[in-house]
Chemist: 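Provided herewith is a single structure, encoded as C-alpha cells, for subsequent inquiry.
Note: hydrogens, waters and symmetry copies are ignored here, and every other heavy atom, side chains too, is used.
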Amino acid sequence: MTRKDYIVIAEAIIEMYKNEIDENRSSAETDRATNIICNHLNRNYSNFNAIVFKDYINNKIGIQQ
C-alpha cells in the first residue's frame, strides 16, 4: 500500500466519527477502531507505521499529544 492508501483509510475513520471530532475530542470508539485497523495493517504491510497513522488522525481531529 502507498501513503495515499493509508490517508484514504484515515479519512474514512475521521468521517465515521465526525460527530465526536466536531466536539474536538477523541473517544474510546475512535481509539478502538483505529487500533483494530492499525493491528491489521501492521500485520499485513511492512511499510505501515501505526504511529504516523494515529498522529495523522489525531492532528486532523485537533488533538495534541
Chemist: Counting C-beta onward and ignoring hydrogens, is there a side-chain heavy-atom pair between Tyr45 and His40 closer than 4.5 Å?
Modeler: no
Chemist: Do Thr2 and Asp5 pair up side chain to side chain, a donor and an acceptor below 3.5 Å, judged on atom types alone?
Modeler: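 Side chains of Thr2 and Asp5: pair found under 3.5 Å.
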Chemist: Applying ring-ring contact (aromatic ring centres under 6.0 Å, His included), can you list everything that pairs with Phe48, at least two apart in sequence or on another chain?
Modeler: Tyr6, Phe53
Chemist: If you measure from SG on Cys38 to CD1 on Ile57, what distance do you get to the nearest 0.5 Å?
Modeler: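 Between atom SG of Cys38 and atom CD1 of Ile57 there are 6.5 Å.
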Chemist: Assess the residue pair Asp31 and Lys54 against the criterion (side chain to side chain contact (heavy atoms under 4.5 Å, CB included)); give the C-alpha distance rounded to whole Å, side-chain angles, the decisive distance to 0.1 Å, and a yes or no.
Modeler: CA-CA 9 Å; Asp31 291 341; Lys54 290 177 182 180; over 6 Å; no
Chemist: Could you state the interatomic distance from CD1 (Ile9) to OG1 (Thr34), rounded to the nearest 0.5 Å?
Modeler: 11.5 Å
Chemist: For Asn42, give me all partners under side-chain hydrogen bond (donor to acceptor under 3.5 Å, both in side chains), at least two apart in sequence or on another chain.
Modeler: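 By the side-chain hydrogen bond (donor to acceptor under 3.5 Å, both in side chains) rule, Asn42 matches no residue at all.
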Chemist: Would you find a donor on one side and an acceptor on the other, under 3.5 Å apart, between the side chain of Asn39 and the backbone of Asn35?
Modeler: yes
Chemist: Looking at CZ of Arg3 and CG of Asn49, how far apart are the two atoms once the value is rounded to the nearest 0.5 Å?
Modeler: 11.0 Å
Chemist: Is it true that a side-chain atom of Asn44 and a backbone atom of Leu41 form a donor plus acceptor pair closer than 3.5 Å?
Modeler: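 Answer holds: no.
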Chemist: Is there a path of hydrophobic side-chain contacts, each under 4.5 Å between heavy atoms of I/L/V/M/F/W/Y residues, joining Ile14 to Met16?
Modeler: yes
Chemist: Mark yes when over 12 heavy atoms from residues, nucleotides or ligands other than Ile36 sit less than 6.0 Å from its CD1; otherwise mark no.
Modeler: yes
